[in-house]
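Both ligands and their constituent atoms are indexed starting at 1 by order of listing.
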Amino acid sequence: MTDSQKKHPGKAVTVPDFSAAKAQGRKLVMVTAYDYPMARLADEAGVDALLVGDSLGMVVQGRKNPLAVTLGQMIYHAEMVSRGASRALVVVDLPFMSYQESSRQGVRSAGKILKRTGAKAVKLEGGVRMEATIRAITDAGIPVMAHIGLTPQAVHQLGGFKVQRDREQILQDARAVEAAGAFALVVECVPAALAQEVTAAVKIPTIGIGAGPNCDGQILVAHDLLELTQGKYPSFSKSYASVGSAIVNAFSSYAQEVRSGKFPSAEHSLK
Ligand code: KIV
């Protein structure tokens with residue numbers, strides 16, 4: 001039994017558990033993870049689902065947006081995350097241009113992710129315009145989490161990472177992805193009142209990020225909530241630990257001790 005299973009015994013979270021949570025008024029907790037150690041730690045903490053987000057383009061690869069992330073890279077990271085997750089449901093982002101060409105392309109990409117990584121669901125961006133693709137992927141037996149509001153893969157079309165306020169479009173998008181078979185819906189960067197309206201308008205759970213307290217669940221980027229990258233964090237994110245500065249302090253203590261001859265001491269030397 002893994003450490004996570006000891007701390008959070010019980011069965012692994014499944015896709016149907018998501019709709020059950022909404023029906024029972026139980027909030028869903030999601031966080032991003034990109035590798036084995038972070039997946040293990042978040043799983044041990046008892047989060048419901050891990051998203052292998054294409055935000056890894058920014059927080060792992062140091063890019064300005066997620067557009068350069070490839071399907072191969074998502075598979076590489078998702079495989080490590082799946083190995084670290086005993087209980088949490090693993091969801092993987094379809095990266096830019098791995099599904100936008102056609103529904104067929106979307107099914108093929110989603111299939112590769114499930115076959116090669118052990119993940120249980122995919123996420124893709126778009127509402128009405130992705131209806132046919134979501135339907136085709138779910139028809140293939142692959143659960144789809146949709147993503148509306150601020151969709152980072154369309155950053156250039158949207159003119160930047162901005163709050164999305166088009167009420168009619170956002171409500172239409174939410175209804176469209178539900179009708180197409182999505183099992184849950186990420187709502188990113190929309191006013192809290194509108195996210196509340198979306199949550200009431202659909203039966204599938206909404207997972208908010210920068211979308212206020214009335215979504216059915218929340219997701220944050222792990223590097224933001226841990227203050228791991230020591231950069232500028234979005235105003236909607238909250239810091240729960242200063243892991244980045246703890247790491248800098250640890251590295252500089254190590255450097256100081258090596259330079260002063262304090263490390264390695266007899267205790268850390270072999271006989
Ligand atoms: O890529 C990602 O991490 C995401 C979340 C911010 C929802 O899509």
Side-chain angles (χ1 to χ4, degrees), residues 18 27-35 38-39 42 47-71 73-78 80-81 85 88-100 109-110 113 117 119 121-127 130 134 143-155 158 160-164 170 173-174 177 182-190 195 198-199 204-212 215-226 228-229 231-238:
F18 265 59
K27 292 273 189 189
L28 289 158
V29 182
M30 289 188 67
V31 69
T32 63
Y34 313 105
D35 60 21
M38 200 62 88
V47 304
D48 296 304
L50 298 172
L51 173 68
V52 186
D54 63 355
S55 51
L56 70 84
M58 283 98 93
V59 297
V60 177
Q61 298 177 341
R63 301 178 191 278
K64 285 195 164 45
N65 61 52
L67 300 189
V69 175
T70 65
L71 185 59
Q73 290 166 353
M74 293 308 298
I75 288 171
Y76 171 75
H77 285 274
M80 294 186 274
V81 169
L89 182 81
V90 177
V91 183
V92 182
D93 262 340
L94 285 170
F96 182 56
M97 291 319 294
S98 72
Y99 61 99
Q100 282 91 345
S109 301
I113 287 175
T117 71
V122 296
K123 177 166 83 58
L124 60 76
E125 297 182 5
M130 279 299 147
I134 294 171
V144 176
M145 181 175 283
H147 182 156
I148 64 168
L150 171 58
T151 47
Q153 291 175 15
V155 58
L158 298 174
F161 295 96
K162 293 177 178 165
V163 182
Q164 301 300 303
I170 289 170
D173 284 340
V177 301
F183 76 95
L185 172 58
V186 169
V187 182
E188 180 165 355
C189 275
V190 307
V198 169
T199 300
I204 56 174
T206 55
I207 310 294
I209 175 163
C215 293
D216 300 304
Q218 296 290 328
I219 181 164
L220 282 178
V221 170
H223 289 52
D224 294 346
L225 83 87
L226 297 173
L228 192 52
T229 44
K232 198 165 165 268
Y233 301 104
S235 61
F236 57 74
S237 189
K238 180 171 172 182

Would you say the side chain of [Y] lies within less than 4.5 Å of the side chain of [X], judging by non-hydrogen atoms?
X	Y	result
Met30	Met145	yes
Leu150	Phe161	yes
Val59	Tyr34	yes
Leu185	Val198	yes

Under 4.0 Å from a heavy atom of [X]: give me the atoms of ligand 1 that qualify, with their elements.
X	value
Leu51	2 (C), 3 (O), 4 (C), 5 (C), 7 (C), 8 (O)
Thr32	3 (O)
Ile209	6 (C)
Gly53	1 (O), 2 (C), 3 (O)
Asp93	1 (O), 2 (C), 8 (O)

Mark the output for Lys123 as yes if a heavy-atom distance to ligand 1 is under 4.0 Å, and as no if none is.
yes
Heavy atoms from other residues, nucleotides or ligands near OH of Tyr233 exceed 12 (cutoff 6.0 Å):
yes
Return yes or no for this condition: an N or O of Asp54 is under 3.5 Å from an N or O of ligand 1.
yes
Looking at ligand 1, does any of its N/O atoms fall within less than 3.5 Å of an N/O of Ser55?
yes
Heavy atom under 4.0 Å from ligand 1: found in Ile207's side chain, backbone, both, or neither?
neither
What are the two closest heavy atoms between Leu28 and Phe18, and how far apart are they?
CD1-CD2, 3.6 Å
For Met74 versus Val92, what's the shortest heavy-atom pair and its separation?
CE-CG1, 4.0 Å
